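Computed from a predicted model, the values in this text were never measured in an experiment. Lettering of chains follows the sequences in order, A, B, ..., and the numbering in each one begins at 1.
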Number of protein chains: 2
Amino acid sequence: MATSRKSTRVDTKRSRTQEEPDCTPPRRRNAAETRQAILDSARAAFTRAGYDGVGVREIATGAGVTAMLVNRYFGSKESLFAEVVDVTLSRPGILTREITTMGHDVAALARHISAALVDATSPTGTPLDGFLIMLRSASSPQAAAILRDKFEAHFEHRLVPALPGDAARERASLMLALIAGLQLMRQVIAMPSLTGADPCTLEKQVEALFRLLIIPNV
Amino acid sequence: MATSRKSTRVDTKRSRTQEEPDCTPPRRRNAAETRQAILDSARAAFTRAGYDGVGVREIATGAGVTAMLVNRYFGSKESLFAEVVDVTLSRPGILTREITTMGHDVAALARHISAALVDATSPTGTPLDGFLIMLRSASSPQAAAILRDKFEAHFEHRLVPALPGDAARERASLMLALIAGLQLMRQVIAMPSLTGADPCTLEKQVEALFRLLIIPNV
DNA sequence: GTCGCTAGTCTACACGCGTAGACTTCTGGC
DNA sequence: GCCAGAAGTCTACGCGTGTAGACTAGCGAC
């Protein structure tokens, strides 16, 4: 049994080395790089399967290290998750990218957001990591608490101030709800009505909804 | 060890008996009643914690039986979940209730749905079991597959035909997405922006969104 | 050259999971 | 009264989980 375990470990190490055989020197024992590798592996894993659906051993294997090292760097699975959510939300996303680069043409803004959203949630598009992590981790109470804090903090400071008019917080929250609901139905549950819908029709409907939430006075 | 296990079992049985000491005769060994008790317990548990968040032992305890009996009646946890989703969606819900009893006054319909939704997702309201089960179980691929089939089947036959005009399937799906997203943000994640929002303001915003989805020609 | 520090690993624990098969206990029909 | 069969339970298996503590090995400074 010890033999098989040992061979597994050797394979793992070898695979990491062989992934980039001559591009970079083996560069082992680099704390910063290893930490980043764990973070990347964790983000991919949480996006794919959610907080409860992935184990630290799996994350560690994806980074080419051992499970215990994950806990040595991040303290616990929960802390790791919090950091993953934080860095994911810090990167420019669909809303912040569109809104911060907008002029004051709300119609164009609604069109851009809608197009980006429909494209991102299509089978071939690049999914929105932040929301996907949330949708797949919401069932865990601990993960939900982390998500609540991080989402509130990030969007309170970046989305709400960008929305003119009254009830900006409510409208911003409803935009998040709309994005989350659409992505849930289209990507996570994958309802045929939405995955098979004509993108153009869908885009028009979604655009109308967003226009309603962006324009100040309904 | 055997003693403590035995005492646990006795306690469980006694607690079920004592819950209704004189209302009904003990009435043990009733298959239909037991099956229903398991179904009820499972629905409550799945609503609270989702497919992955609850174990068959917990469901069994809630029904006053043993874990193995659950599998004897329903085959597996997965089959039990499918049946729970099915019966939950079959009961009249927020959409079917409002839409089937509506006249042709779409404005009033949007107002009713919005009010019911905001009320149901408020901390004091009765939550919508069907959607809550979905939101908390979406992370499990097996549960997601079941939810996709059941949701598609139920709403394809009940909601889509009730919507007049073009692109009814897309609009119906977007209504589901909106409900799911709102409930996710308000109840599961519990974002302060939404839990603490003024119900009246929220209702107006949500009503406008629904009106857009109900009215045939945007 | 060697020594200390830190990156990284191994083993182990205590638990919870879904479920398979053998077992016990109650009840309705004759 | 009794017995077949159904209702229900017990024990057990194999696996996977998060993480704690002791251990090994490689790199940088002297």
Under 3.5 Å, is there any donor-acceptor pair linking the side chain of R29(A) to the base of dC27(D)? no
Salt bridge (charged side-chain N to carboxylate O under 4.0 Å, His left out) with K150(A): which residues, sequence neighbours excluded? D86(A)
What salt bridge (charged side-chain N to carboxylate O under 4.0 Å, His left out) pairs are there with at least one residue in residues 47-67 of chain A, not counting sequence neighbours? R48(A)-E58(A)
CD of E33(B) versus P of dG8(D): gap in Å, rounded? 10 Å
In numerical order, the residues of residues 51-59 of chain A whose heavy atoms come under 4.0 Å of DNA chain D are V54(A), G55(A), V56(A), R57(A)
Side-chain N or O of S76(B) less than 4.0 angstrom from OP1 or OP2 on dG18(C)? no
Contacts of E152(B) meeting salt bridge (charged side-chain N to carboxylate O under 4.0 Å, His left out) (sequence neighbours excluded), chain-then-number -> R169(B)
Summary of salt bridge (charged side-chain N to carboxylate O under 4.0 Å, His left out) pairs that have at least one residue in residues 65-83 of chain B, sequence neighbours excluded: R35(B)-E83(B)
Could you tell me which residues satisfy side chain to side chain donor-acceptor pair (under 3.5 Å) with T201(B), sequence neighbours excluded, listed by chain and number? D198(B)
Interatomic spacing from CG in L163(B) to CZ in F155(B) - rounded to 0.5 Å: 11.5 Å
Between dT19(C), dT6(C), dT27(C), which one does the side chain of K77(B) approach most closely? dT19(C)
Taking only residues two or more places apart in sequence or in another chain, which ones pass side chain to side chain contact (heavy atoms under 4.5 Å, CB included) with S122(A)? D119(A), T124(A), R186(A)
Do any of residues 67-74 of chain A sit with a heavy atom less than 4.0 Å from DNA chain C, and if so which? M68(A), L69(A), R72(A), Y73(A)
Taken in chain and number order and not counting sequence neighbours, the residues that satisfy side chain to side chain contact (heavy atoms under 4.5 Å, CB included) with R158(B) are T96(B), H154(B)
